[in-house]
Amino acid sequence: MEAPHRRATDAPAGPASPAGPPVVHLIESPDAMRDLGRSLAALLRPGDLVMLTGELGAGKTTLTRGLGEGLGVRGAVTSPTFVIARVHPSLVGGPALVHVDAYRLGGGLDEMEDLDLDVSLPDSVVVVEWGDGKVEELSDDRLHVVIERGVGGAAVDTSAVDTSAVGGDDDRRTVRFTGYGTRWAADRSRLEALAG
């Protein structure tokens with residue numbers, strides 16, 4: 001049975017604890033990032049909240065593009081920076097993808113209420129770029145994805161993964177998945193097995 005999702009009008013969620021240490025994947029190209037998104041889409045279901053964190057150009061939109069392809073949604077998935085949110089309906093009878101860019105929003109959930117994410121969440125997969133400190137109260141069950149890039153030879157922490165197949169160019173990324181709540185505790189092994 002799916003865990004209930006919290007609506008913005010309910011009492012705020014308590015501080016949720018991670019459902020284990022982060023699951024780490026190394027990605028060596030934009031195509032591999034997109035493939036990771038396609039693989040992640042197979043795990044997602046209506047009501048899932050995915051928060052994406054990473055600097056500009058890290059690959060958040062590329063990952064979301066792969067999610068959209070994997071979910072079989074309509075429309076090109078592009079950065080919603082200037083419209084804040086885009087809804088991509090399903091073409092295959094699955095959940096819609098609601099893609100939000102909260103970069104220009106300074107406040108917390110109160111400022112985002114006009115987007116009606118609490119209404120969209122039960123029937124959609126909601127992906128929020130730059131959502132830290134802004135959307136956690138939408139659901140006790142959420143997936144936080146942090147994308148770090150190694151630019152110009154910058155060190156990337158690879159202590160938890162096999163690095164033998166990863167190139168050394170500027171496209172290399174470390175992607176850390178941290179699940180919160182019982183929903184992601186149950187799918188931890190499937191996160192570990194994602195193709196990248």
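For the atom pair D132 CG and M51 CE, the distance stands at 4.5 Å (nearest 0.5 Å). Separating the OG1 atom in T178 from the CG atom in L143 is a distance of 8.0 Å, to the nearest 0.5 Å. Distance check: L97 CG to E69 CD gives 11.0 Å after rounding to the nearest 0.5 Å. To the nearest 0.5 angstrom, I27 atom CD1 is 14.0 Å from R34 atom CZ. With rounding to the nearest 0.5 Å, the separation of CG in L36 from CG in L63 is 5.5 Å. One distance of note links CZ of R172 with OG of S29; it measures 12.5 Å at 0.5 Å rounding.
At least one donor-acceptor pair closer than 3.5 Å links the side chain of K60 to the backbone N or O of E55. Under the 3.5 Å distance criterion, the side-chain polar atoms of D101 are left unmatched by any main-chain donor or acceptor of W130. For R45 (side chain) and A42 (main-chain N/O), no donor-acceptor pair under 3.5 Å exists by modelled atom type. Proximity of a side-chain donor or acceptor of H25 to a complementary backbone N or O of L191 within less than 3.5 Å is detected. Side chain of R65 to main chain of V77: a donor-acceptor pair is present (N/O by atom type, distance under 3.5 Å, no hydrogens or angles).
In summary, R38 and D35 engage in a salt bridge, as defined by a charged side-chain N under 4.0 Å from a carboxylate O. The pair E136-R142 does not meet the salt-bridge criterion, since no charged nitrogen lies less than 4.0 angstrom from a carboxylate oxygen.
Within the 4.5 Å cutoff, no side-chain heavy atoms of V128 are placed close to those of L138. Counting heavy atoms from C-beta on, the side chains of D171 and M33 never come closer than 4.5 Å.
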Residues R188, E192; criterion salt bridge (charged side-chain N to carboxylate O under 4.0 Å, His left out); working and verdict: CA-CA 6 Å; R188 180 173 173 76; E192 292 171 349; 3.3 Å; yes
task: Check the pair V125, L67 against side chain to side chain contact (heavy atoms under 4.5 Å, CB included), reporting the backbone distance first and the verdict last.
output: CA-CA 10 Å; V125 170; L67 283 172; 5.7 Å; no
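Between A19 and W184, the shortest heavy-atom distance links the atoms CB-C, 4.3 Å. Closest of all the heavy-atom pairs between A96 and P89 is CB-CA, 4.0 Å. Closest of all the heavy-atom pairs between P30 and T62 is O-CG2, 3.5 Å. Closest of all the heavy-atom pairs between L44 and R183 is CA-NH2, 4.0 Å. Nearest approach of P46 to P95, heavy atoms of both residues: CG-CB, 3.8 Å.
Linking ILVMFWY residues whenever their side-chain heavy atoms come closer than 4.5 Å, directly or via other members, places V50 and L194 in the same cluster. If you chain together hydrophobic residues whose side chains sit under 4.5 Å apart, L43 and L52 fall into the same group. Note: the hydrophobic cluster containing Y180 does not contain V127 (ILVMFWY, side chain heavy atoms under 4.5 Å, direct or indirect links).
A tilted orientation is assigned to the rings of H99 and H88, their planes being inclined by 30° to 60°.
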